[in-house]
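First the structure, then my questions, so here it is.
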Amino acid sequence: MVNHGETPPAVGDSDEDLMKQVSRGSRPAFDELMQRYQQPLLNFFQRMGVIHDAEDMVQDSFIKLYQSRKRYKPTASFKTFLYTIARRVSIDRHRKKARRPEVEYDDALETPHDFSRSPAGVAADRIDVAEAMLKLPETMRSVVILSVMEGLTMNETGAVLGIPEGTVKSRLFHALKRLREAITNAPQAGLE
């Protein structure tokens, strides 16, 4: 990448400091944020059940982040801002697919993909946490992913989802209860 005289961001710059630099047009600061959050966003979309479009959705999220750079207010955490954008990308993709349903194919087999089981859940006698997560309603799944897996606070999770902190706590409680029940009630390998 050509630098064009821009000073690179400092090693210890916080996400919020980098985003302030991005809002002033700093490409190196934007590149640093992309490097920091590319894998976490990919994990987020995959945990939300996206199979084939996760990488495209990460790119869409970064494009929208850059387009929204002037609206960023450092009063909120950068993670809240970014995951709000990512959630909107997910909702937009879901709406677009609902209007134009397509059969998704397993690339290797060129047959319709069975979404009822994840690739890791092939053995019928063991529980797959990812599969159990996909069975949760989206409202519960997104709370678990953001607060537990992505490490956002309850307040940040509420801000991303546009719900009060009490609702986040309630949904998280019920989601973890359902996951615990799914794991407890799953047949254990070799114990039958």
Do you know which two heavy atoms are closest between Ser61 and Ala86, and how far apart they sit? OG-CA, 3.6 Å

Sequence neighbours excluded and cut-off under 3.5 Å, please list the side-chain donor-acceptor pairs for residues 158-177, or say none.
none

Those residues at least two apart in sequence (or on a different chain) that pass ring-ring contact (aromatic ring centres under 6.0 Å, His included) with Phe45 are none

side-chain contact (heavy atoms from CB on, under 4.5 Å) for Leu134 and Arg47? Distances and angles first, verdict last. CA-CA 8 Å; Leu134 290 175; Arg47 289 172 177 150; over 6 Å; no

Nearest heavy-atom pair of Ser77 and Tyr72: which atoms, and what distance? C-OH, 4.2 Å

Over 12 foreign heavy atoms within 6.0 Å of CD, Gln46: yes

Test your reading of the model: is there a side-chain donor-acceptor pair from Thr84 to the backbone of Thr80, 3.5 Å cut-off? yes

Run the side-chain donor-acceptor check on residues 62-69: report pairs under 3.5 Å with partners two or more places apart or on a different chain.
{"residue": "Ser68", "atom": "OG", "partner": "Lys64", "partner atom": "O", "Å": "2.8"}
{"residue": "Ser68", "atom": "OG", "partner": "Arg71", "partner atom": "NH2", "Å": "2.7"}
{"residue": "Arg69", "atom": "NH1", "partner": "Tyr66", "partner atom": "O", "Å": "2.7"}

Check ion pair Arg36-Asp15 (N to O, under 4.0 angstrom): yes

Given 3.5 Å as the limit, does a donor-acceptor pair link the side chain of Ser147 with the main chain of Val143, or not? yes

Here the gap from Met48 atom CE to Ile145 atom CD1, rounded to the nearest 0.5 Å, amounts to 5.0 Å

side-chain contact (heavy atoms from CB on, under 4.5 Å) between Met149 and Met133, worked out: CA-CA 12 Å; Met149 297 176 170; Met133 284 285 295; 4.0 Å; yes

With a 4.5 Å cut-off on side-chain heavy atoms, are Glu55 and Leu42 touching? yes

Under a single-linkage definition using a 4.5 Å side-chain heavy-atom cutoff for Ile, Leu, Val, Met, Phe, Trp and Tyr, are Leu41 and Ile91 assigned to the same hydrophobic cluster? no

Please check this pair: side chain of Glu16 against backbone of Phe78, looking for a donor-acceptor N/O pair closer than 3.5 Å. yes

Nearest 0.5 angstrom please: Leu152 CG to Leu146 CG, how far? 5.5 Å

Say you draw a straight line from OG of Ser142 to OH of Tyr83; how long is it, rounded to the nearest 0.5 Å? 13.0 Å

Lys20 to Pro74 - nearest heavy-atom pair and separation: CE-CB, 3.6 Å

OG of Ser90 to CD1 of Ile85, rounded to nearest 0.5 Å, is 14.0 Å

For a 4.5 angstrom cut-off between non-hydrogen side-chain atoms, does Asp60 reach Arg93? yes

Rounded to the nearest 0.5 Å, what separates atom CG in Asp13 from atom OG in Ser26? 9.0 Å

With the threshold set at 4.0 Å, does a side-chain nitrogen-carboxylate oxygen contact exist between Glu150 and Lys79? no

Indicate whether any N or O donor in one side chain lies under 3.5 Å from an N or O acceptor in the other, for Asn43 and Gln39. yes

